[in-house]
Structure formats: C-alpha cells, structure tokens
Amino acid sequence: MNKIFRSDNPFWIGMGSIFDIFVLNLLWLLCCLPIVTIGPATAAFYYAMMNLVRGEETYLSKDFFHSFRQNLKQGIFLGIPLTAVGAFLMLDISMCYHAGTGIYTFFMVFFAVLFLIWLFIALYSFPLLAKFEKKNKDLVIWAFVLSIRNLGRTLLMVIALALGLWVCHLLPGLIFIAFGLVCRFQTALLLKILKPWLPDSAAEDELRPLAFLSEEEEETAHEEK
C-alpha cells in the first residue's frame with residue numbers, strides 16, 4: 001500500500017503537480033484554438049508532461065513552447081490528416097447509426113473498428129512526435145505497432161480518454177483540468193512503453209529530439225528490458 005503513495009510512483013499525483021497539470025491543460029487548449037495546430041499542441045502537451053512525470057527540473061511552459069515551435073510544421077501536417085480521418089469516421093458511424101438496421105449495422109461496426117484503429121494510432125503518434133525525430137509516415141507505422149504490441153496499456157489509455165470526455169460532457173467546466181489528468185495518466189503508461197528508447201533523464205538534454213534506434217539496437221534494448 002505504501003508503494004502506491006510513494007512520490008516516485010509514476011502514477012502518483014501530488015498536490016504540487018495539480019497546478020502544473022492545470023497550466024499544461026490550459027496551454028494545450030489555447031494552442032489548439034486555431035484547430036490546425038492541434039498536432040503540435042498535443043505533441044508539446046505530452047512532451048512537457050513527460051518531463052513532469054520524470055521529475056525534470058525544467059520550466060514546463062518553456063518545455064511546452066519549445067516543443068510546440070520545434071514540431072510546428074511537422075505537427076500540422078500530422079495533425080490535420082489525422083483529425084480529418086477521425087472526423088470522417090465519426091460522421092460515417094453517426095450516419096449508419098441513424099440510418100437503421102440491416103446493411104447499415106454492418107457498416108457501422110466496420111467504421112467503428114476503423115475508428116478504434118485510428119484512435120490507437122492517434123494516441124501514440126503525438127507523443128512519438130514529441131520525443132523522436134522521424135517522418136510522419138514512420139511515426140504512424142511505429143504508433144500502430146506499439147499500440148498493438150502494448151494492447152493492454154493502449155486500452156487503458158482509451159478508457160482514460162473516454163472517461164475524461166464523459167466527465168467533461170457532464171461538467172463542461174472540468175475541461176480545464178480533465179484532459180491534463182488524462183494526459184498525466186497516459187504519460188505514465190507511455191513512459192513504461194518507451195523506456196527502452198528513452199535515455200536517462202540526467203544523461204541527455206531532453207530539449208533535443210531523439211532518433212530511433214536501429215533494428216539491432218532495438219532488439220538489444222528489449223533484451224535488456
């Protein structure tokens with residue numbers, strides 16, 4: 001029981017972290033307002049949150065805006081297509097649901113499965129963009145592979161997001177903290193997943209984007225894990 005409440009537990013949120021989470025949540029909402037900047041804003045959200053969870057002694061706002069500027073162009077070209085695909089699938093699901101039974105039920109299930117795959121990719125793509133230097137196509141492929149390889153944790157991330165959206169639907173005012181708490185929980189899971197590829201927090205400047213390991217280095221990292 002004591003282990004759960006230890007400050008070094010990645011899932012533990014101290015009172016001092018609540019304000020930091022609120023600030024990051026607010027910065028994310030503000031930077032998402034132009035809509036087209038959802039991609040770089042989300043990448044910056046996860047980047048700063050990872051530093052917070054890992055106990056980095058940095059300024060979160062500085063980390064957020066550094067990552068936002070660094071990934072602005074690539075994040076826009078990643079975020080717009082992903083957002084468009086997600087909106088298209090949601091629209092198709094809604095249309096099939098209201099169309100009735102029969103063949104529409106089949107298509108509703110079909111689009112729902114595609115939406116779940118899209119969600120898996122979206123949950124991983126922006127954290128990977130924040131921490132790794134890779135082309136968008138490779139990020140999407142790597143996001144899908146990681147989401148399937150870590151299916152249990154991916155489903156936990158989906159549930160956390162669904163709960164966050166549900167809470168915001170009930171109490172809209174919680175939008176200023178709910179997504180921060182969701183991101184905080186997801187980040188704790190992501191750090192465990194990405195541990196083989198992330199350096200020690202004290203060994204390297206975290207403001208510099210990291211490169212993927214080669215296949216041989218990846219196998220070695222998994223063996224050491």
Side-chain angles (χ1 to χ4, degrees), residues 10-11 38-47 49-50 53-54 67 71 74-94 96-97 105-166 179 181-199 209-225:
F11 293 97
I38 287 179
T42 305
F45 196 17
Y46 279 103
Y47 181 86
M49 192 66 74
M50 286 184 183
V53 176
R54 299 181 77 189
S67 178
N71 297 305
Q74 185 176 359
I76 289 176
F77 283 105
L78 177 64
I80 290 178
L82 280 178
T83 302
V85 170
F88 174 77
L89 292 174
M90 289 180 64
L91 179 62
D92 285 335
I93 293 172
S94 177
C96 291
Y97 175 78
T105 301
F106 167 79
F107 280 110
M108 183 179 71
V109 174
F110 173 73
F111 286 122
V113 172
L114 291 181
F115 180 80
L116 188 61
I117 295 174
W118 168 86
L119 184 57
F120 283 7
I121 293 173
L123 285 174
Y124 282 81
S125 293
F126 298 110
L128 290 176
L129 172 63
K131 301 299 290 185
F132 299 94
E133 188 175 2
K134 205 69 174 176
K135 293 181 180 179
N136 284 341
K137 180 184 71 173
D138 298 322
L139 287 175
V140 169
I141 294 173
W142 189 238
F144 177 73
V145 171
L146 283 178
S147 67
I148 299 302
R149 184 184 295 177
N150 302 275
L151 186 58
R153 288 169 176 165
T154 302
L155 292 176
L156 286 177
M157 292 167 63
V158 172
I159 293 172
L161 178 60
L163 287 175
L165 291 172
W166 178 67
F179 289 111
L181 294 174
V182 170
C183 181
R184 174 64 175 77
F185 176 78
Q186 292 177 341
T187 297
L189 295 174
L190 286 166
L191 287 176
K192 289 181 176 294
I193 294 170
L194 299 176
K195 185 178 180 180
W197 299 279
L198 293 176
L210 305 171
F212 279 126
L213 299 177
S214 64
E215 294 183 1
E216 294 78 8
E217 292 173 327
E218 180 181 340
E219 294 177 359
T220 302
H222 278 293
E223 291 176 358
E224 293 177 351
K225 181 180 179 183

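Start at 1 with the first residue, then count along the sequence.
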Atom [atom1] of [X] and atom [atom2] of [Y]: how far apart are they, to the nearest 0.5 Å?
X: Leu163; Y: Phe185; atom1: CG; atom2: CZ; result: 9.5 Å
X: Phe77; Y: Leu82; atom1: CZ; atom2: CG; result: 13.5 Å
X: Leu91; Y: Phe111; atom1: CG; atom2: CZ; result: 9.5 Å

Practice item. Could you label the plane-to-plane angle of the Phe107 and Phe110 rings as parallel, tilted or perpendicular, counting under 30° as parallel and over 60° as perpendicular? Key: perpendicular

Under a 4.5 Å cut-off applied to non-hydrogen side-chain atoms, are [X] and [Y] in contact?
X: Leu194; Y: Met50; result: yes
X: Met157; Y: Leu190; result: yes
X: Gln186; Y: Tyr46; result: yes
X: Phe132; Y: Trp142; result: no
X: Leu155; Y: Phe120; result: yes

Give me the atom names and distance for the closest heavy-atom approach of [X] to [Y].
X: Trp118; Y: Leu89; value: CB-CD1, 4.0 Å
X: Met49; Y: Thr187; value: CG-OG1, 3.4 Å
X: Gln74; Y: Leu139; value: NE2-CD1, 3.7 Å

Point to revise | Set of side chain to side chain donor-acceptor pair (under 3.5 Å) partners for Ser147, sequence neighbours left out | key: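 Once residues adjacent in sequence are excluded, Ser147 has no partner under the side chain to side chain donor-acceptor pair (under 3.5 Å) criterion.
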
Check your understanding: What residues form a side chain to side chain donor-acceptor pair (under 3.5 Å) with Asp92, not counting sequence neighbours?
Key ->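 Here no residue qualifies.
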
Exercise for review: Start with the C-alpha gap between Leu161 and Leu119, add the side-chain angles, then the distance that decides, and say whether side chain to side chain contact (heavy atoms under 4.5 Å, CB included) holds.
Suggested key: CA-CA 10 Å; Leu161 178 60; Leu119 184 57; 3.9 Å; yes

Please list, one pair per line, the donor and acceptor atoms closer than 3.5 Å that link side chains of residues 122-130 to other protein atoms, with sequence neighbours excluded.
from	atom 1	to	atom 2	distance (Å)
Tyr124	OH	Thr154	OG1	2.7
Ser125	OG	Ile121	O	2.7

Practice item. Decide yes or no on side chain to side chain contact (heavy atoms under 4.5 Å, CB included) for Leu78 and Val140, but give the supporting numbers first. Key: CA-CA 9 Å; Leu78 177 64; Val140 169; 3.9 Å; yes

